[in-house]
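In this chain, numbering begins with 1 at the start of the sequence shown.
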Amino acid sequence: MLHGLRTTTYSVRDFDRAKAWYTEILGFGPYFDEPFYVGFNVGGFELGLVPADDGAAMGPGGATVYWGVDDADAAFARLLENGATSHEPIQDVGGGIRLGAVLDPFGNVLGVIHNPHFEAT
């Protein structure tokens with residue numbers, strides 16, 4: 001079911017500054033740039049920035065790792081059927097990208113993503 005790690009997101013309070021900083025550090029701009037999400041293709045993996053709300057974790061604990069799947073909805077349902085609980089319902093974030101996250105039975109965040117821009121090989 002899981003193809004491999006695809007995406008890590010960081011919650012940031014100063015969205016514009018973080019986008020500029022990562023653009024400078026990486027040496028190139030994002031492939032996906034919207035007010036709700038900025039995504040960089042870094043060697044076939046995605047580094048995503050999301051604007052933090054007042055309750056968002058920052059720094060350690062402020063990242064979510066997403067595992068690539070063929071069908072985000074089916075993978076999410078299977079995880080729930082096997083004892084996980086919903087943390088971030090599946091959503092379409094644009095560009096054909098669907099993602100969501102669960103809490104595994106041990107309290108860890110486990111994200112799933114289908115991103116047609118990063119197909120499994």
### Message
Contact between T7 and V65 at the side-chain level, heavy atoms closer than 4.5 Å - yes or no?
### Response
no

### Message
Does Y10 have more than 12 heavy atoms from other residues, nucleotides or ligands lying within 6.0 Å of its OH?
### Response
no

### Task
Kindly indicate whether the side chain of L49, heavy atoms from C-beta on, has any atom under 4.5 Å from the side chain of F40.
yes

### Task
Decide yes or no on side chain to side chain contact (heavy atoms under 4.5 Å, CB included) for Y66 and T9, but give the supporting numbers first.
CA-CA 8 Å; Y66 293 88; T9 62; 3.7 Å; yes

### Query
So does Y31 have more than 12 non-hydrogen atoms from other groups sitting under 6.0 Å from OH?
yes

#### Entry: Any side-chain heavy-atom pair of V69 and R6 under 4.5 Å
no

### Task
For E46 and N41, test the side chains for any donor-to-acceptor distance below 3.5 angstrom and give the result as yes or no.
no

### Query
Any side-chain heavy atom of K19 within less than 4.5 Å of one from D33?
yes

### Task
Check whether any side-chain heavy atom of F28 lies under 4.5 Å from a side-chain heavy atom of T23, and answer yes or no.
no

### Identified side-chain contact (heavy atoms from CB on, under 4.5 Å) partner of V102 from the options V109, V112, T85, L80
L80

### Message
A side-chain contact here means heavy atoms from C-beta on lying under 4.5 Å apart; do S86 and F76 qualify?
### Response
yes

## Note on the structure
dist R98:CZ -> D71:CG (nearest 0.5 Å) comes out at 8.5 Å

### D104 backbone acceptor or donor facing H87 side chain under 3.5 Å
no

### Task
Assess whether side chain to side chain contact (heavy atoms under 4.5 Å, CB included) is satisfied between V12 and V50, documenting all intermediate values.
CA-CA 6 Å; V12 296; V50 293; over 6 Å; no

### Message
On a heavy-atom basis, which atom in S11 and which in A52 lie closest, and how many Å separate them?
### Response
CB-CB, 4.0 Å

### Message
Is the shortest side-chain heavy-atom distance between I113 and I97 below 4.5 Å?
### Response
yes

## Note on the structure
For G95 and P116, the nearest pair of non-hydrogen atoms, with its separation, is O-CG, 3.7 Å

### Query
Do H114 and D73 have side-chain atoms, one donor and one acceptor, less than 3.5 Å apart?
no

### Atom pair CG/CZ of N115 and F45 - distance to nearest 0.5 Å
13.0 Å

### Query
Any side-chain heavy-atom pair from Y22 and L47 closer than 4.5 angstrom?
yes

### Query
Any idea which heavy atoms bring V93 and F32 closest together, and the distance?
O-CZ, 3.4 Å

